[in-house]
Amino acid sequence: MSDLDDFFAKRLEDEASFPNRGKNWKQMSKRLDAFDAGAVQGVRPSLRWWQAATFVAVAVAGFLLWKTLSIQRENKTLRQDVAALQTERSNLSSQLALAEQHTSRPKSPVQGEILVGNNPNTSVAPFPSNPKVVANQVNVTSFPLKVKDSKPSQPALAAQTEKKPSKGVETVELPLTETGIATQNQDLPKQSIPVQNELPSIDSTASVASDLVDTRNSSDSLKGNSPKRDSLLVEIEKLKDSLLATNAIAQDIKPVRDTKSRFRIGAQATLGFVQPKQEGVSAIQGQGLSFEAKIFKAFWLSASVDWLHQDVCTMGFEQKFHPHHDSLPHPPGGGGGGGGGGGGGPQHQHKLVLVESSPRHQQFGLGIRYELPIKFWIRPSIRLAHQWVRMSPTLVTYKFEEEDPWGPGGPGGPSPRNEYTAEKFEAQWLSNQWRFGVGLEKDIPNWTFGLWADYSKDLSAANPSFDALYLRAGAQYRF
Amino acid sequence: METQDVNLDEILDGCRQNHRASQQRLFAYFYNYAMTIARRYMGNSETAEEVVNDAFFKAFTKIHLFVGGQPFRPWLRRVIVNTAIDRLRSNMSLAPETELQPWHDAGSLNGIEEALTQEQIWAMLDRLPPAYRAVFNLAVVDGFSHEEIASTLGISVGASKSNLSRARQHLKTILKTEFEFFG
């Protein structure tokens with residue numbers, strides 16, 4: 001670079017003083033006012049709230065969809081399990097009925113039966129030698145089932161079981177041996193059969209059923225052998241008990257929804273309105289998180305945190321919107337505060353005409369919620385909570401209007417000018433704020449959706465903040 | 001970070017919240033700086049004021065594009081230069097008026113700094129054709145490369161070099177004839 005370049009680069013960088021700064025600022029201010037009044041809002045950072053809300057909504061919707069699909073898959077699996085159990089129960093019922101038919105039906109010897117000894121009630125029924133034939137007979141036979149009782153209690157089961165042996169075992173049928181040898185049972189003892197207290201498993205029930213069929217193969221050993229017959233009767237009773245147990249199990253297995261959840265966690269959107277309504281104060285917007293734990297019956301301990309913001313543009317200074325401000329703002333140049341001041345001569349006086357700020361605050365609530373005992377498709381609740389409020393650091397802008405230094409009717413002086421000052425306040429905590437709310441909630445599996453109306457009141461003695469009515473809508477996951 | 005008698009971070013924070021007071025303070029603080037830049041590009045104070053107003057309006061409405069933690073002055077400078085260039089491009093052609101000529105050193109400038117006022121220097125710059133003046137400002141004062149100038153002005157690199165050469169020749173001629181330097 002030559003000397004010429006150095007010379008011009010250095011001299012042209014020298015910052016000179018230019019006139020018309022005030023005039024150009026007025027033009028700029030009007031231009032910005034027109035811009036703000038227009039529809040161009042895209043550059044305002046408030047858009048970020050909607051972006052965050054949209055993200056949360058999409059995330060919640062995605063989670064709900066995933067949860068719904070999971071529940072559907074779980075339901076499908078449970079239905080398959082129930083169907084399998086019901087099929088097994090049906091098979092066992094049929095087998096049991098068949099066995100009962102053979103054990104309890106008083107009969108006289110008919111064709112195909114062979115008398116056993118001298119007792120006409122003691123006979124041996126023909127029994128197919130092939131177990132598959134037995135299974136076929138079971139499938140085509142319909143029997144009344146005592147086990148259809150929906151939920152037999154254990155004592156009832158025991159009583160039912162005990163009745164059977166009291167009838168004796170005179171009509172017990174034994175499978176016929178393949179050789180057709182009749183067996184006489186004169187020495188059968190009339191003893192009660194011990195009650196089985198523990199319900200057998202389904203697998204053991206199935207094995208018992210097959211064992212019952214297979215007893216035909218060991219009928220030879222039953223001839224004149226009473227312990228074997230007792231054993232057979234015991235097996236039959238076991239089969240009955242297991243069938244009842246299967247029935248109970250099948251009825252217990254159902255896709256039960258949780259109604260005993262003790263915890264909830266969720267998110268909510270909040271819209272608040274200052275009470276009483278005031279000109280220039282926008283609605284309070286925000287979002288929050290909540291957590292609840294059941295402490296006793298219909299009482300829940302509730303904790304929440306909300307991130308809120310609003311725009312305040314008032315014609316004068318309102319202490320309740322700026323609780324961290326303990327004195328009136330000072331006008332530029334040390335003139336009369338808020339329109340006061342003044343002295344000898346034509347001094348400039350300033351009048352506060354506008355206060356602007358965009359306060360943001362976080363509400364931390366802790367309280368109790370009570371579910372009203374009303375049976376309806378939606379559930380009403382009431383709640384009371386104490387809340388702590390953290391006011392975020394905020395910038396407050398004051399607009400002062402310069403009054404005519406000569407006063408009304410004086411000589412035409414300079415036209416009134418606007419002056420701006422700004423103050424930045426650090427974060428501050430507020431407490432002793434209480435909110436009372438009523439709400440309606442709707443439960444679906446694992447989820448609760450609610451609409452709430454809360455009235456917040458500041459009961460603090462010093463620097464009370466504003467009261468507000470909050471509307472909240474949210475969803476909570478129960479676990 | 002710039003630390004002057006004003007807290008620039010606080011002012012910028014207020015500007016982000018669209019507070020007039022902060023905007024007014026920023027405007028007042030950088031007005032002369034902005035006018036100095038715009039003045040040498042536009043050739044007269046009236047047009048420079050228009051450019052400065054346009055530039056500040058862009059800065060206020062797009063303040064969210066300024067990344068905090070970085071110096072604000074270069075960002076504002078770029079906004080002003082771009083605004084000035086846009087104004088020049090909309091008013092006149094920036095194409096080279098003559099073919100490329102080799103640059104000869106201007107020679108000695110002893111005593112020139114003391115002899116010339118800033119008004120005289122601006123007057124010299126104002127006598128340059130707008131296309132030359134823009135390239136000269138971008139290249140010599142604002143430190144743009146010829147590639148950047150070509151991209152900014154929408155001309156070729158060769159045209160940028162040509163305009164810069166012509167601007168230097170003009171300035172040398174002015175200095176020689178009117179102020180009797182390089183005598």
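Keep in mind that the numbers below use all heavy atoms, side chains included, and drop hydrogens, waters and symmetry copies. Keep in mind the model is a prediction, meaning the values are calculated, not measured. In what follows, every chain begins at residue 1, and chains take the letters A, B, ... in the order their sequences are listed.
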Select one option (side chain, backbone, both, neither) describing which atoms of B:N137 are under 4.5 Å from chain A's heavy atoms. side chain
Rounded to the nearest 0.5 angstrom, the CD-NZ distance for B:E49 and A:K23 is 5.0 Å
I need the minimum non-hydrogen distance between B:F27 and A:M28, along with the two atoms involved. CE1-CE, 4.3 Å
NE2 on B:H19 to OG on A:S357, rounded to 0.5 Å: 6.5 Å
Roughly how far apart are B:Y31 OH and A:R21 CZ, rounded to 0.5 Å? 8.5 Å
Got a second to check how far B:M124's CE is from A:F8's CZ, nearest 0.5 Å? 3.5 Å
As an exercise, state the distance from CZ of B:F60 to CG of A:L32, rounded to the nearest 0.5 Å. 6.5 Å
So for B:R40, is it side chain, backbone, both, or neither that comes closer than 4.5 Å to the heavy atoms of chain A? side chain
Which pair of non-hydrogen atoms, one from A:L12 and one from B:T36, has the smallest distance, and what is that distance? O-CG2, 3.6 Å
Please determine, among B:D54, B:I63, B:L125, B:D142, the option with the most heavy-atom pairs under 4.5 Å with chain A. B:D54
Would you say the side chain of B:R20 lies within less than 4.5 Å of the side chain of A:D33, judging by non-hydrogen atoms? yes
Contact part of B:Q23 toward chain A, heavy-atom cut-off under 4.5 Å: side chain, backbone, both or neither? both
Listed partners of B:D13 passing side-chain hydrogen bond (donor to acceptor under 3.5 Å, both in side chains), at least two apart: none
Non-hydrogen atoms of A:A9 and B:V141 that approach each other most closely: CA-CG2, 4.3 Å
